[in-house]
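To keep things clear, I will list the structure first and then write my remarks on it.
Quick caveat: nothing in here was measured; it's all calculated off a predicted structure. Just the heavy atoms: all of them, side chains too, but no hydrogens, waters or symmetry mates, feed the values below.
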Amino acid sequence: MDKKILILVLVGIIVLVAGVSYFLFVPQTNSSSERINILFLGADARSSQDQGYTDSINILSIDKKTKEVSLLSIPRDTRVQITGRGVDKINSAYAYGDINTTIDTVENFLNVRIDYYVLVDFTDFKELVDSLGGITMNVEPHISVVRPELHGKTGVSKLTGEEALIYVRFRQDSESEGGRMKRHREAITAIINEALNPSNILQAPTVLNQLRENVKTDIPPLETTVIETLITGFDIENAQTGVVTGEYTHINGINYMIPDMNQTEKVVIKLGLRK
C-alpha cells in the first residue's frame with residue numbers, strides 16, 4: 001500500500017478511539033499560542049434520538065515547534081459548573097446542551113483554551129475493532145470473572161468490538177477511573193498494531209469511509225505531508241499525561257468526583273495547557 005494511505009489510516013484510527021489516550025492530529029491554526037489544545041470526546045448515545053453523555057473526556061495539547069505532546073484526562077463524574085445548567089457531572093454537558101456547551105464547560109473549569117474538538121460515538125469503536133478482525137489485549141482475570149460478556153477470556157486474548165468496549169470501559173475495581181483510562185491507552189496500542197498488520201492493510205477503504213461518516217470535528221483539512229511529519233516527529237511513549245483527581249462522594253444519591261482544584265492547577269501547568 002502507498003505510504004501516504006497507510007499514514008491516513010493510522011491517524012484515522014487514532015482519532016476514532018477518542019476515548020481516551022494518545023492522538024496525533026495537529027491542524028493548521030492562526031493562533032499566536034505556542035500550543036494547540038484539542039478536546040477529544042467519546043459519546044455514548046443511547047438511541048438515535050439521544051446524543052448521549054461524553055464518558056471519555058481528554059485534552060490533547062501539542063507544542064507547535066517541538067511536537068511534544070501532553071494529555072489530560074477528565075473523569076466523567078467530575079462535578080463542575082455546566083454552562084447554562086448549574087452544577088452537575090461534566091459528562092452531562094453534552095447531553096443537556098451540545099458540543100459548544102461542552103467546550104465552554106471544560107474551558108471554564110480548567111481556565112484553558114480549546115482550539116478544536118473531535119467527537120465520536122462508542123459504537124464507532126466497536127465497528128472499527130470488528131473491521132480489523134478484533135484486537136489483542138491482555139485481559140485482567142478479575143474483570144473477566146465479573147463480565148460474562150467477555151466469554152471467559154483472560155490473559156492475551158483476541159477481543160471482538162463488543163468485548164473490547166466492555167473491557168476498556170470497566171471501572172468497578174480498586175483502580176476505578178484510573179484503570180479504565182489505562183485500558184483505553186492499551187486499546188489504542190492494540191488497534192494500531194492490528195492496523196499495521198499486513199493482513200489488515202486491505203481494510204483501509206472501510207476504515208476511511210467509516211471516518212468520513214462518523215467522526216465529528218471542526219479540525220480543518222490537513223495535508224498528508226503534515227500528518228506524516230507528525231507521526232515521525234515525536235515519541236508517543238514519552239508523552240506527558242495527567243488526570244484530574246479529587247474525592248468521590250455521594251450527593252443526593254448521585255456519585256460525584258469533587259476535583260482537587262489545587263492539584264488540578266498544578267497538573268494543568270505541568271502539562272503546559274496554557275502556553
Can you check side chain to side chain contact (heavy atoms under 4.5 Å, CB included) on I99 and Y117, steps first, answer last? CA-CA 8 Å; I99 189 62; Y117 77 89; 3.8 Å; yes
Give me the atom names and distance for the closest heavy-atom approach of A43 to L119. CB-CD1, 3.8 Å
Honestly curious: do I254 and V80 fall in one hydrophobic cluster under the side-chain, below-4.5 Å linking rule? no
Checking the side chain of S157 only, and the main-chain atoms of K153 only, is there a donor and an acceptor separated by less than 3.5 Å? no
Hey, what do you get for CZ (R169) to CD1 (I143), rounding to the nearest 0.5 Å? 13.5 Å
Throw together a table of side-chain donor-acceptor distances under 3.5 angstrom for residues 266-275, partners on residues two or more places apart or in other chains.
residue	atom	partner	partner atom	Å
R274	NE	N111	O	2.8
R274	NH1	E265	OE2	2.8
R274	NH2	L110	O	2.9
R274	NH2	E265	OE1	2.8

Between atom OG1 of T102 and atom CD of E107, what is the distance when rounded to the nearest 0.5 Å? 11.0 Å
salt_bridge(R79, D77) N-O dist < 4.0 Å: no
Taking atom types as modelled, is there a side-chain donor on N58 or S56 under 3.5 Å from an acceptor on the other? yes
Check the hydrophobic clustering (I, L, V, M, F, W, Y; side-chain heavy atoms under 4.5 Å; chains of links allowed) and say if M137 and V146 are grouped together. yes
Could you check whether any side-chain N or O of E163 sits under 3.5 Å from a backbone N or O of T160, counting only pairs where one atom can act as donor and the other as acceptor? yes
Is there a side-chain contact between V129 and L159 (heavy atoms, below 4.5 Å)? no
Residue from I57, I74, I59 passing side-chain contact (heavy atoms from CB on, under 4.5 Å) with V244: I74
Heavy atoms of A164 and I135 approach each other most closely as CB-CD1, 4.0 Å
With sequence neighbours left out, the residues meeting salt bridge (charged side-chain N to carboxylate O under 4.0 Å, His left out) with D63 are R35
Cation-pi between R147 and Y167: NZ/CZ under 6.0 Å from ring centre and within 45° of the ring axis? no
Yes or no on side chain to side chain contact (heavy atoms under 4.5 Å, CB included) for F40 and L71, after CA distance, side-chain angles and deciding distance? CA-CA 10 Å; F40 281 87; L71 179 77; 5.8 Å; no
Which value, rounded to the nearest 0.5 Å, describes the distance between T136 atom OG1 and K158 atom NZ? 5.0 Å
Donor-acceptor check, side chain of D115 to backbone of I38, threshold 3.5 angstrom: yes or no? no
Residues D98 and T101: side-chain donor-acceptor under 3.5 angstrom: yes
List the atom of V112, the atom of V106, and the distance in Å for their closest heavy-atom pair. CG2-O, 4.5 Å
Common cluster, Y256/I90, ILVMFWY with side-chain heavy-atom separation under 4.5 Å: no
Check the side chains of S61 and N37 for a donor-acceptor pair under 3.5 angstrom, ignoring hydrogens and angles. yes
Is it the case that the side chains of T54 and N91 hold a donor-acceptor pair, with the cut-off being a distance below 3.5 Å and no angle test? no
Closest contact, heavy atoms only, T105 versus A93: OG1-CB, 3.9 Å
Spacing of CG belonging to L132 relative to CD belonging to E127, to within rounding of 0.5 Å: 12.0 Å
Mind listing the closest non-hydrogen atom pair of D130 and G161 along with its distance? OD1-N, 2.8 Å
